[in-house]
2 protein chains.
Amino acid sequence: MTKQELIDQIKSKKSFLCVGLDTDITKIPDHLLDDEDPIFSFNKAIVEATADLSVAYKPNIAFYESYGVKGWESLRKTWEILPKDCFSIADAKRGDIGNTSKMYAQAFFNPQSSGLGFDSITIAPYMGEDSVTPFLDFQGKWAIVLALTSNQGSLDFQNFQNTDGKQLFEEVIDKVNTWGTSENLMYVVGATRGEAFLKIREHAPDHFLLVPGVGAQGGSLADVCKYGMNKDCGLLVNSTRGIIYASKGKDFAERAREEAIALQQEMQQQLEIHGVI
Amino acid sequence: MTKQELIDQIKSKKSFLCVGLDTDITKIPDHLLDDEDPIFSFNKAIVEATADLSVAYKPNIAFYESYGVKGWESLRKTWEILPKDCFSIADAKRGDIGNTSKMYAQAFFNPQSSGLGFDSITIAPYMGEDSVTPFLDFQGKWAIVLALTSNQGSLDFQNFQNTDGKQLFEEVIDKVNTWGTSENLMYVVGATRGEAFLKIREHAPDHFLLVPGVGAQGGSLADVCKYGMNKDCGLLVNSTRGIIYASKGKDFAERAREEAIALQQEMQQQLEIHGVI
């Protein structure tokens, strides 16, 4: 998917919602557990209930991998039913030396090789340039690089500061910017630190940012938009638990839809306030 | 596996060789390609040919993942035939927020969940404490955290330096040290920078180090031992291409064994020089 196609979709759906598919068998409704593949059944219902409200889906690969071969089969089937107009994100946090990152790119971008053909993958930048660029070599695909995450542990290394007062996450953005463009690179920036978006936008004014941490993790959508939205929107805000686990009953998909509608309406308001639509 | 069991094995085999299983279907002998699972056939032959010479095996997960469901099945079968006296390493470079790292730990440590029960996994530290500690919660399992890697891109961020002249990889070791012990934590340190082991040992005198980069990537075994070996050996030196791709003919397993013997003999000499045996 191109950047312009993503922007067009945001404007037409009046939404920049990404739905996280962190599907945990212990948290899905009991009545699905007798299905042949309960995780896939759950995902299918969630996707069908939210497809007109969200612009992106983000399966969290760990949740599938934890069930081994069977989990990978659930992931493959889930990828197949993701709406083709939506941006798909393999939330995998991969990254290794060049020849190995190339294999990870095959795993998530090349359906002939792996059965999966996501639009994008999340990347951990610790190993540097040759760990990131193999993902950028795939035409039409995106690398979404960790910059400033929303978890407690983000304070351990991402704020490490050099003699010029520059923090590691800033150095990451500045260097990674030179390996690609805003047409094939995004950054992960956690919603839990609204004002941090000011600094992020100094380094990456035009890039899309993937933003976890709104809702369950405590981030404010209004703050994220105030400090982080640009003329193209430039944000994909993820919500997982608030949507997919809104109910553990037979009404889980309807309740997921209600939560997605509420978020879409807030997002529409923010897009209007900031003049994107 | 405990640290003492690993040390005992090193002393008894007079080897600290780790064989990397980065098994690429385009590089294995043609005569295996008609097998039902060529990757597994190849791994089985390599493991059988080297089991008495190596103390650890390290499948590189990307190479399996690139074939999707089928690749995960090859990985599962490979894990099953790894010798139980050898230390097994899932070279996966994982790491995410706490609840997600917990799922990755299930994926690689819990055979009831995933079909895989490796002794250890490699971890990228960028997301900090809650991304690492879920792996340490598994009794008898190890986290092997990236410190200073052997690739060109390692220079991009791992040497980022703070006002005290401390580099990021040093900060990583110092902080990660406080989350576990030398009984459940190791570090990845590339062989391509022999003298860097001096600095690493200032921060982690007792920890085992997983060392890629000897051979194909140009690192010197003697230098690694000179600067990095401790009284327990404290090193697992990985070799991949030099061993597993020593021949593309029908003699691939014998040639792999010859290369492993040559390395084991060099290693025995180093263990004697440094008084470990």
Side-chain angles (χ1 to χ4, degrees), chain A residues 22 24 60 62-73 76 91 93-108 110-111 113-116 124-133 146 149-158 160-163 168 171-172 175 212 217, chain B residues 22 24 60 62-73 75-76 91 93-108 110-111 113-116 124-133 146 149-158 160-163 168 171-172 175 212:
Chain A
D22 301 24
D24 181 343
N60 182 336
F63 284 70
Y64 302 85
E65 216 159 81
S66 70
Y67 305 117
V69 170
K70 207 174 145 194
W72 269 75
E73 182 59 17
R76 192 191 61 74
D91 193 4
K93 313 287 198 306
R94 300 299 196 258
D96 206 316
I97 62 172
N99 77 325
T100 302
S101 272
K102 198 172 163 184
M103 287 292 182
Y104 281 126
Q106 293 286 341
F108 293 101
N110 182 357
S113 179
S114 66
L116 300 176
Y126 192 77
M127 293 181 73
E129 182 168 1
D130 58 295
S131 72
V132 175
T133 50
L146 297 180
T149 59
S150 57
N151 62 320
Q152 185 61 32
S154 66
L155 302 168
D156 288 321
F157 306 122
Q158 295 165 24
F160 195 67
Q161 193 162 313
N162 75 2
T163 45
L168 178 63
E171 177 76 354
V172 164
K175 276 217 169 132
Q217 291 177 60
Chain B
D22 301 25
D24 181 342
N60 182 336
F63 284 70
Y64 302 86
E65 216 159 81
S66 70
Y67 305 116
V69 170
K70 206 174 146 193
W72 269 76
E73 181 59 18
L75 178 63
R76 192 192 61 73
D91 193 4
K93 314 284 196 311
R94 299 299 196 260
D96 207 315
I97 62 172
N99 77 326
T100 301
S101 272
K102 198 171 163 185
M103 287 291 181
Y104 280 126
Q106 293 286 342
F108 292 102
N110 182 356
S113 180
S114 66
L116 301 176
Y126 191 77
M127 293 182 73
E129 182 168 1
D130 59 295
S131 72
V132 175
T133 51
L146 298 180
T149 60
S150 58
N151 61 320
Q152 185 62 32
S154 66
L155 302 169
D156 287 321
F157 306 121
Q158 296 165 24
F160 196 66
Q161 194 163 313
N162 76 3
T163 45
L168 178 62
E171 177 76 355
V172 165
K175 278 218 167 130

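Per-residue counts of heavy-atom pairs under 4.5 Å with chain A were compared for B/K102, B/Q106, B/K93; the largest is that of B/K93. For the options B/G95, B/P125, B/S131, B/G115, heavy-atom pairs under 4.5 Å to chain A are most numerous at B/P125. Taking A/A107, A/A62, A/A105 one by one and counting their heavy-atom pairs under 4.5 Å with chain B, the maximum is reached by A/A62. Chosen from B/T163, B/T133, B/L168, the residue pairing most often with chain A at heavy-atom distances under 4.5 Å is B/L168.
The backbone N or O of B/D156 sits less than 3.5 Å from a side-chain atom of A/K175, completing a donor-acceptor pair. Side chain of A/D130 to backbone of B/G153: a donor-acceptor contact under 3.5 angstrom is found. A donor-acceptor distance shorter than 3.5 angstrom exists from the side chain of A/S113 to the backbone of B/S66, with no hydrogens or angles considered. Proximity of a side-chain donor or acceptor of A/Q158 to a complementary backbone N or O of B/Y126 within less than 3.5 Å is detected.
Residues A/G68 and B/W72 share a closest heavy-atom pair of CA-CE3, 4.2 Å. Nearest heavy atoms, B/S114 versus A/E65: CB-O, 4.0 Å. Considering every non-hydrogen atom in both B/E171 and A/F157, the closest pair reads O-CE2, 3.7 Å.
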Stepwise, does the side chain to side chain contact (heavy atoms under 4.5 Å, CB included) test hold for A/R94 with B/R94?
CA-CA 7 Å; A/R94 300 299 196 258; B/R94 299 299 196 260; 3.0 Å; yes
Kindly determine whether B/D22 and A/M103 satisfy side chain to side chain contact (heavy atoms under 4.5 Å, CB included), including the steps that lead there.
CA-CA 10 Å; B/D22 301 25; A/M103 287 292 182; over 6 Å; no
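Atom CD of B/Q161 has more than 12 heavy atoms from other residues, nucleotides or ligands within 6.0 Å.
Contacts between A/L116 and chain B at a heavy-atom distance below 4.5 Å are absent for every atom of the residue. Using a 4.5 Å cut-off between heavy atoms, A/P111 does not touch chain B at all. Looking at A/N162, both its backbone and its side chain come within 4.5 Å of chain B, counting heavy atoms on both sides. Neither the backbone nor the side chain of A/V132 comes within contact range of chain B; no heavy atoms are under 4.5 Å apart. Heavy atoms closer than 4.5 Å to chain A are found nowhere in B/Y64, neither backbone nor side chain.
Here CG of A/N60 is found 7.5 Å from CD1 of B/I97. Values are rounded to the nearest 0.5 Å. For the atom pair OG (A/S154) and CE (B/M127), the distance works out to 8.0 Å, reported to the nearest 0.5 Å. The distance from atom CG of B/D96 to atom OG1 of A/T149, rounded to the nearest 0.5 Å, is 8.5 Å.
In this structure the side chain of A/F63 reaches within 4.5 angstrom of the side chain of B/N99, judged on heavy atoms.
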